[in-house]
Amino acid sequence: MENLYKIPKHVAIIMDGNGRWAKRRGLPRIFGHRKGAEAVEKAIDFAHKVGIEWLTVFAFSTENWERPKEEVNAIMSLLVEYINKKIPELLERNIRLRFLGRTQELSEKIQSTIKKGEEITKNCTGMNLVVALNYSGRAEIIDAVRKIISQDVKRIDENTFPEYLYIPEMPDPDLLIRTSGEKRISNFLLWELAYTELYFTEVLWPDFDEEEFKNALLDYQSRERRFGKILEG
Ligand code: IPE
Ligand code: IPE
Ligand code: MG
C-alpha cells in the first residue's frame, strides 16, 4: 500500500452476500458459503501482507440460527473443515486465531476445533485473526454486565467496561467493511464500533478480493477521524 503509515490497526468485516452470489448462479446457498471461505483466505493474506494487526470477520450471528437447519449445518461443517485446514498455515505465518461470541453454546465438535486452533496459535504475534462465531453485539454487552455483577465490581466506567468484553485486549476497529450493499450493522461489535469508519460496498462477499480490500483501505486513508474534536490546521 502506498500510504503505509495509515494502515488501520484493526479491520472488522461483515462478510455478507454469499447466498445472493450463489442464487445469481442458480446454485444452492452453500456454494456461496464455500466460495466465501476462499474469499476469507484472500482477505487474511492481504491483511497480513499490509500489516493489519487485528482482522475480525463475522462468520455466524446468534440470529443466523433462524435459517433453515440444512444451511446452518452446512455452515458449521464448513467452519470445522476450514479451521482445521487453516491451523498449520496460521501457525507457520505467526497468526493467532481467536474466537468471539457465545462459543460455549456451539456443538462439542466445533468447540474442540476452536480450542485446538486457539491453543496451537496462542503464542503467535504476527496478526490476530478473530472469528466472530455465534456472535451478537448485544449479547457481548450483556455477558460483560453479567461478569461485572458476578465479580461484584463496584465501579465501572467507559474505560474499564471493555475489560469485561470477550477479548479485553482487542482494540476498537478503525475500519468496518460490509459487503453486499446492505448498510447496517446487524448486531456486530456494538460497543466497539463507536468511532469506527464505516465502508460499504456493493460487491458480494465471494467476489471480495485484494483489489476490493485495497479500495476499502484507500477510502479509509482519505477519511479525517475527529473523535468529536476540532482538528488543528
Ligand atoms: C453471509 O452471507 C454469510 C452468513 C451470514 C453466514 P449470507 O448467507 O447472509 O448471504 P445473503 O445475504 O443471503 O446473500
Ligand atoms: C450478518 O449478515 C451476519 C454475518 C455476516 C455472519 P446477515 O446476512 O445475517 O445480516 P442481515 O440479516 O442482512 O441483517
Ligand atoms: Mg446476508
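Whatever order the structure lists them in is the order used to number ligands and atoms, beginning at 1.
The protein heavy-atom contact nearest to atom 1 (C) of ligand 2 is Ile14 CG2, 3.9 Å. At the top of the distance list for atom 14 (O) of ligand 2, counting protein heavy atoms only, stands Ser186 OG, 2.6 Å. For atom 2 (O) of ligand 2, the closest heavy atom belonging to the protein is Arg178 NH2, 3.7 Å. Ranking the protein heavy atoms by distance from atom 9 (O) of ligand 2 puts Asn64 ND2, 2.9 Å first.
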Salt bridge (charged side-chain N to carboxylate O under 4.0 Å, His left out) evaluation trace for Glu81 with Arg34: CA-CA 11 Å; Glu81 180 193 321; Arg34 281 213 164 268; 3.2 Å; yes

Side chain to side chain contact (heavy atoms under 4.5 Å, CB included) assessment of Ile110 paired with Phe60: CA-CA 13 Å; Ile110 300 176; Phe60 194 87; over 6 Å; no

Working for salt bridge (charged side-chain N to carboxylate O under 4.0 Å, His left out), residues Lys214 and Glu211: CA-CA 5 Å; Lys214 206 167 165 180; Glu211 201 54 37; 5.5 Å; no

Asp174 vs Arg223, salt bridge (charged side-chain N to carboxylate O under 4.0 Å, His left out): CA-CA, chis, key distance, verdict: CA-CA 11 Å; Asp174 300 292; Arg223 312 268 181 106; over 6 Å; no

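Side-chain atoms of Asp172 and Tyr195 include no donor-acceptor pair closer than 3.5 Å. Side-chain N/O atoms of Asn94 and Thr125 include a donor and acceptor closer than 3.5 Å.
Against a heavy-atom cut-off of under 4.0 Å, His33 is close to the following atoms of ligand 1: 3 (C), 8 (O). Distances below 4.0 Å separate heavy atoms of Arg184 from the following atoms of ligand 2: 11 (P), 13 (O), 14 (O). Ligand-side atoms of ligand 2 in range of Phe60: 6 (C), range being under 4.0 angstrom from any heavy atom. The Ala59 neighbourhood of ligand 1 comprises atoms 6 (C), with distances under 4.0 Å to a heavy atom of that residue. Close approach of ligand 1 to Arg20 is summarised as follows: ligand atoms under 4.0 Å from at least one heavy atom of the residue are 11 (P), 12 (O), 14 (O).
Excluding waters, the set of protein N/O/S atoms under 2.8 Å from the Mg ion (ligand 3) reads Asp16 OD1.
For Glu210, the side chain to side chain donor-acceptor pair (under 3.5 Å) test picks out Lys49, with sequence neighbours left out. Under the side chain to side chain donor-acceptor pair (under 3.5 Å) criterion, Lys115 pairs with no residue, sequence neighbours left out.
Distance check on atom 12 (O) of ligand 2: every protein heavy atom falls at or beyond the 4.0 Å cut-off.
Identified under the ring-ring contact (aromatic ring centres under 6.0 Å, His included) test for residues 107-139, with sequence neighbours left out: Phe58-Tyr135, Tyr135-Phe188.
Cation-pi geometry between Arg24 and Trp21 is not met: the NZ or CZ atom fails to fall both under 6.0 Å from the ring centre and inside 45° of the normal.
Polar contact check, Arg29 against ligand 1: a nitrogen or oxygen pair lies under 3.5 Å apart. For ligand 2, none of its N or O atoms has an N or O atom of Ser61 under 3.5 Å away. By the 3.5 Å distance cut-off applied to N or O atoms, Gly19 is counted among the residues near ligand 1.
Nearest-residue assignment for atom 5 (C) of ligand 1 (options Glu182, Lys23, Arg67; heavy-atom criterion): Arg67.
Heavy-atom distances between Gly17 and ligand 1 reach below 4.0 Å in at least one pair.
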